[in-house]
*Asks:* 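Supplied in C-alpha cells, the structure appears directly below.
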Number of protein chains: 2
Amino acid sequence: MANEADQLKRSTRRTRATSFDVAELAGVSQSTVSRALAGDPVVSELTREKVKRAAEELNYSIDQNATRLRTGRTDVIAVVVICRPGELKGDMNPFYYSLLGNICSAISAAGCDALTSFQDSAANLNGYYERNRRADGLIVIGTAENTEAWAHFREVAESGANMVCWGAPYQDQNWVRSDNVAGGEIAARTLLENGYQNSVYIGSVTSLQRQYAERFEGFSRAMRSAGHTPVMVQIDPSLSRIEQGHEAVRKMIDTGMKFDGIFAACDQIALGAMQELQAQGLSIPDQVGVVGFDGINAGEHVVPPLTTIEPDLPLAAELLVKRLKAMMAGTPSDEWLVPVRLLARGSAMRAA
Amino acid sequence: MANEADQLKRSTRRTRATSFDVAELAGVSQSTVSRALAGDPVVSELTREKVKRAAEELNYSIDQNATRLRTGRTDVIAVVVICRPGELKGDMNPFYYSLLGNICSAISAAGCDALTSFQDSAANLNGYYERNRRADGLIVIGTAENTEAWAHFREVAESGANMVCWGAPYQDQNWVRSDNVAGGEIAARTLLENGYQNSVYIGSVTSLQRQYAERFEGFSRAMRSAGHTPVMVQIDPSLSRIEQGHEAVRKMIDTGMKFDGIFAACDQIALGAMQELQAQGLSIPDQVGVVGFDGINAGEHVVPPLTTIEPDLPLAAELLVKRLKAMMAGTPSDEWLVPVRLLARGSAMRAA
DNA sequence: CTGAAAGCGCTTACAG
DNA sequence: CTGAAAGCGCTTACAG
C-alpha cells in the first residue's frame, strides 16, 4: 500500500522532468545528459541518441533559468522603443514598428530572445537589464524628441552596459543609422530631374536630430552642385510629425514663398504636407512634387503615392544585432551605415 | 606583497556583488538581505535601510536568473505575432503593431517583462516557452490567414500551456476579441443615417475569420432591421488586404452591381477600396460612402479621412494580460469582449 | 568517452 | 525579528 511519502514523491514527479530523470531513464549520468543535449561532440552518437529518446519520452526540456544562472549568459537581448510621453501606441511613427519587427527577427535569427518594452517617461524608464541579468545587451530605438529618455539611456551606456542604438541623438553613442547624406542627395536629384526648380527641405535639424541634419546636408550638397541655393523650412519638433507637415506648408504659403518641390525629413511629415497642399488646392505632382524619407507603408496608399527614400531595414536590424554582439564579445565593430534606395512613385513624377 | 590568490580574489570581486557581499557590508546574514530587498514586512525598517544602503554602495542588483530558478516563476510573458509567410515587417497590418505596443505596455504595467517574437513558418514556429521556463505564459496575436501557425498554437494550447489569443480562428481557444457584432451594427447604421441606401459588406468570412463573420453578422442584423437585404462581396483572403479592397471594387463595378456604400471588414481593405473607387472616378463620400474597422492611424491621413470602428486597444491589451494571469492562477476569467466606438470622419459623411 | 562533485545566486521553510 | 541550511536545475572543470 502506498504511503504518504510515496504519494508525495509521485505527485512531485508529475511536475517536471529534470536532467536527473532523463539520466535515470537513459541509464547514464546527469552530466552526460547535459553534454548530449548541448550537442557536445565529445559524447558518442549512440549515447546521444539514447539520451534524446529518454528526454522525449519524459517530455523534458532544459530549464533555461538554471542554464543562465550557471553560465552567466542569458541569450536575451532587450529592445527598448522610446516613445513620446503619453503618446498612444497607435499614433507612434510606423517606421519604428517596422524597425522593431525587423530587429526582433534579427535577434531570433541570431539565436536569442527579444525582450521588448516601450518607454516614455520617468515612470517606466529603465535600461539596466544587465544589472539583474535579464538580458546580455540592449538595443534602443525610437523618437529623438524625448530628451529625458535619451538622457537616461546615455547614463546606461556610460555605466558600461552593452548597448547600441538607432540614430541616437548623442554623437558619442554606439549607433547604426541610415546613409542619410546619400538619401538627401538622391531626394534633391530626384526633384531636379523631374523638373522641380524650387525645392525646399522641411524638418527640424536641432542637435538632437542628427539624422535630420544629415538628410539636409545631403540635400544641400546636391542642390548646390546643381547651382541651387538650399532652402530649409524649420518647424517646431514638438508637434506631431503629421502636424509639422501641415504647419510647414501653411507657413510657406502664408509667407508667399516660391516653391514647387518638397523634401520632407520623414514620410509622416511628407504625408502631412501632402494633405495640406491638397487642402489648399495645390495639385501633386503637377504643381508641387513631394519626396519623403523612411519608406513607411502608408506612403504607398495615399493618392498620389509618395516618392520616398527607404533604408534597408532588414539590414539595419542585422547590423544593430551584429554590432551589439561584437560589443559583447569585446571586438567592437564599426559597421553602422545602412544603405538607402529611392522608391520612385507618383508624388514626384512630373515630366521635366 | 599581494600573492596570486589575493589578486584573483580581488579581480573576481570586481565582477558582480552578490547578496553575500551585501550581507557582509551591512553586517547581517544573507537571508536577511534577501528578505529586506524583497520587501518582506518581517524585517525591521532599520535593518532594511542598512541593507539598502549597502546594496547601493556595492551597486548590487538581484540576479533574476537565480530568483527564477529558485521560485519557478519568471514574471515573463511571451508575445507571439503571427505573420504571413515571407511578409516584410513593414507590410504587416499596422493594427497588429498597435495591439502589440499596447500589450507590451500592459505587460509592463502588470510587473512583467515581454518576450516578443514574429513567427511565420515552420522554420520559426515555437510557442513552447513554458517548457524551458523562458516565460510563464503566452499571448498570441496576428493574421488568421496563417493556418499552419495557428495549428501549431492550437497544439501549444492543448499541451496545457497558459495561453490566450486575440481573435483566434479556433472557437475552442482562450481568446479576447472586439465586440464585432456591435461594430458591424454601428457601421450599417452609420451608412444608413448618411443616406447610403445600397451598402455592401466586403471581406471574407471563412471559418478561420471568426471576427470578420461577426462583423458581417452585426452588419446584416442592422440592415435587416432597417428593411434592407444584406449583401456581401467575398474576396480571396490570400491577397493582401489592400489588394482585396481593390479587387472587391473592381468586381462590383465589372458586374454592374448597384452600390453607394461600403463596409469593409478592416481598414486596410477599406483603404484599398477607396483607392480603387477614386481610380475609377467615383467620388468619396458623394457617390460612395466607406466605413472600415480597426482604427489604424493611416485612415486618418487619407483623403477623405476614413470613417471606422475602433476597438479600445489599451483595454484589449489589459484584458489579454488579465485573462492570461487568471489562467495562470487557476481562476479562469471570462471577460473577453472589447468595446468598440465609431470614429466618424469624412469618408461616410454625406447629407441624407 | 563518461561520471562524481562543485557551484552559479538566490528564496524559504525551520529553528531560535 | 534574524540566521543557518537546503535546494532550485543546470554546466563544467577534474579525474578516470
Side-chain angles (χ1 to χ4, degrees), chain A residues 8-9 12-52 54-55 58-76 130-134 136, chain B residues 8-9 12-52 54-55 58-76 130-134 136:
Chain A
L8 183 66
K9 193 173 170 190
T12 298
R13 268 301 182 78
R14 278 240 148 274
T15 55
R16 262 184 88 85
T18 70
S19 53
F20 285 92
D21 300 321
V22 177
E24 195 182 340
L25 182 61
V28 296
S29 74
Q30 182 269 339
S31 17
T32 297
V33 170
S34 177
R35 290 193 194 97
L37 297 179
D40 189 330
V42 86
V43 303
S44 74
E45 276 316 306
L46 222 90
T47 308
R48 193 191 311 281
E49 280 312 313
K50 227 170 27 181
V51 170
K52 276 188 172 171
L58 294 175
N59 200 25
Y60 169 77
S61 286
I62 294 174
D63 184 327
Q64 293 296 342
N65 296 310
T67 302
R68 290 169 183 174
L69 175 58
R70 181 55 228 240
T71 63
R73 277 183 309 109
T74 65
D75 287 333
V76 171
E130 284 180 65
R131 282 194 51 169
N132 43 19
R133 295 233 164 121
R134 289 181 296 160
D136 300 332
Chain B
L8 183 66
K9 194 173 173 189
T12 298
R13 265 302 181 76
R14 278 240 148 274
T15 55
R16 262 184 89 86
T18 70
S19 53
F20 285 91
D21 300 321
V22 177
E24 193 182 341
L25 182 62
V28 297
S29 74
Q30 182 269 339
S31 18
T32 297
V33 170
S34 177
R35 289 194 193 97
L37 297 179
D40 189 330
V42 87
V43 303
S44 73
E45 276 316 306
L46 223 91
T47 308
R48 193 191 312 280
E49 279 314 313
K50 229 172 22 184
V51 170
K52 277 188 173 171
L58 295 175
N59 200 25
Y60 170 76
S61 284
I62 294 173
D63 184 327
Q64 293 297 341
N65 296 309
T67 302
R68 290 170 182 172
L69 174 58
R70 180 55 230 237
T71 63
R73 277 182 309 108
T74 65
D75 287 334
V76 170
E130 284 179 65
R131 282 194 52 169
N132 43 18
R133 294 235 166 120
R134 290 180 296 160
D136 300 331

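Protein chains get the first letters and strands the later ones, always in sequence-line order, with residue 1 at the start of each.
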*Asks:* Taking the side chain of A/V43 as its heavy atoms from C-beta onward, which of C/dT2, C/dA5, D/dA5 lies nearest to it?
*Replies:* C/dT2
*Asks:* Between B/S34 and C/dC10, does any side-chain N or O lie under 4.0 Å from OP1 or OP2?
*Replies:* no
*Asks:* Given atom CG of A/L69 and atom P of D/dC10, what is their separation to the nearest angstrom?
*Replies:* 12 Å
*Asks:* Output the distance between atom CZ (B/R16) and atom CD (A/E130), rounded to the nearest 0.5 Å.
*Replies:* 9.5 Å
*Asks:* Considering every strand shown, what is the Watson-Crick or G-U wobble mate of D/dA4 when both distances are under 3.5 Å?
*Replies:* none
*Asks:* Taking the nucleotide of DNA chain D with the closest heavy atom to each, which residue, B/R70 or B/T47, is nearer the 5' end?
*Replies:* B/T47
*Asks:* Return the value, rounded to whole Å, for the distance between atom OH of A/Y60 and atom P of D/dG9.
*Replies:* 10 Å
*Asks:* Under 4.0 Å, counting only non-hydrogen atoms across every strand here, what does A/Q64 touch: a base, just sugar-phosphate, or nothing?
*Replies:* nothing
*Asks:* Please state the C1' separation for the pair C/dG16 and C/dT12 - nearest whole angstrom.
*Replies:* 16 Å
*Asks:* In whole Å, what is the span from the CG atom of B/D21 to the P atom of C/dC8?
*Replies:* 11 Å
*Asks:* Hey, does B/R35 have a side-chain heavy atom less than 4.5 Å from the side chain of B/V42?
*Replies:* yes
*Asks:* Any side-chain N or O of B/T32 under 4.0 Å from OP1/OP2 of D/dT2?
*Replies:* no
*Asks:* To check you understand the geometry: which heavy-atom pair defines the closest contact between B/Y60 and A/R131, and what is its length?
*Replies:* O-NH2, 3.2 Å
*Asks:* Within the 4.0 Å heavy-atom criterion, would you say B/T71 contacts the bases, only the backbone, or no part of the nucleic acid?
*Replies:* sugar-phosphate
*Asks:* So, A/T71 side chain and A/T67 main chain: donor-acceptor pair closer than 3.5 Å or not?
*Replies:* yes
*Asks:* Kindly point out which of C/dG9, C/dT2, D/dA5 is positioned nearest to the side chain of B/A66?
*Replies:* C/dG9
*Asks:* With respect to the phosphate group of C/dC10, does any side-chain polar atom (N or O) of B/T67 fall under 4.0 Å of OP1 or OP2?
*Replies:* no
*Asks:* Side chain of B/V28: nearest nucleotide among D/dG3, C/dT11, D/dG9?
*Replies:* D/dG3
*Asks:* Which atom names give the shortest non-hydrogen contact between A/L25 and A/L58, and what distance separates them?
*Replies:* CD2-CG, 3.9 Å
*Asks:* Heavy atoms from C-beta onward define the side chain here; which of C/dA5, D/dG9, C/dT2 lies closest to that of A/D63?
*Replies:* D/dG9
*Asks:* May I have the distance from A/E49 (atom CD) to C/dC1 (atom P), rounded to whole angstrom?
*Replies:* 15 Å
*Asks:* Taking all atoms of both residues into account, what is the closest heavy-atom pair of A/D21 and A/A17, and its distance?
*Replies:* OD2-CA, 3.2 Å
*Asks:* From CZ of B/F20 over to C1' of D/dT2, roughly how many Å is that when rounded to an integer?
*Replies:* 15 Å
*Asks:* So which one's nearest nucleotide on DNA chain D is more toward 5', B/G27 or A/S61?
*Replies:* B/G27
*Asks:* Given side chains that start at C-beta, do those of B/R134 and B/T74 come closer than 4.5 Å, heavy atoms only?
*Replies:* no
*Asks:* Answer yes or no: does a side-chain N or O of B/S44 lie under 4.0 Å from OP1 or OP2 of D/dT2?
*Replies:* yes
*Asks:* Just to confirm, is there a sub-4.0 Å distance from OP1 or OP2 of C/dC10 to any side-chain nitrogen or oxygen of B/S19?
*Replies:* yes
*Asks:* Rounded to whole angstroms, how far apart are CD1 on B/I62 and C1' on C/dT12?
*Replies:* 14 Å
*Asks:* On DNA chain C, does the nearest nucleotide to A/Q30 precede the nearest nucleotide to A/K50 from the 5' side, or the other way round? Give the residue.
*Replies:* A/K50
*Asks:* Among the candidates D/dT2, D/dC10, C/dC10, find the nucleotide nearest to the side-chain atoms of B/V42.
*Replies:* D/dT2
*Asks:* Where the side chain of A/R35 is defined as all heavy atoms beyond and including C-beta, which of C/dG3, C/dC10, D/dT2 is the nearest nucleotide?
*Replies:* C/dG3
*Asks:* Without decimals, in angstroms, what is the distance between A/L37 CG and D/dT12 P?
*Replies:* 14 Å
*Asks:* Rounded to whole Å, how long is the line connecting atom CG of B/D40 with atom P of C/dC14?
*Replies:* 16 Å
*Asks:* When only distance counts, do a donor and an acceptor, one from the side chain of A/R68 and one from the base of C/dG9, lie under 3.5 Å apart?
*Replies:* no
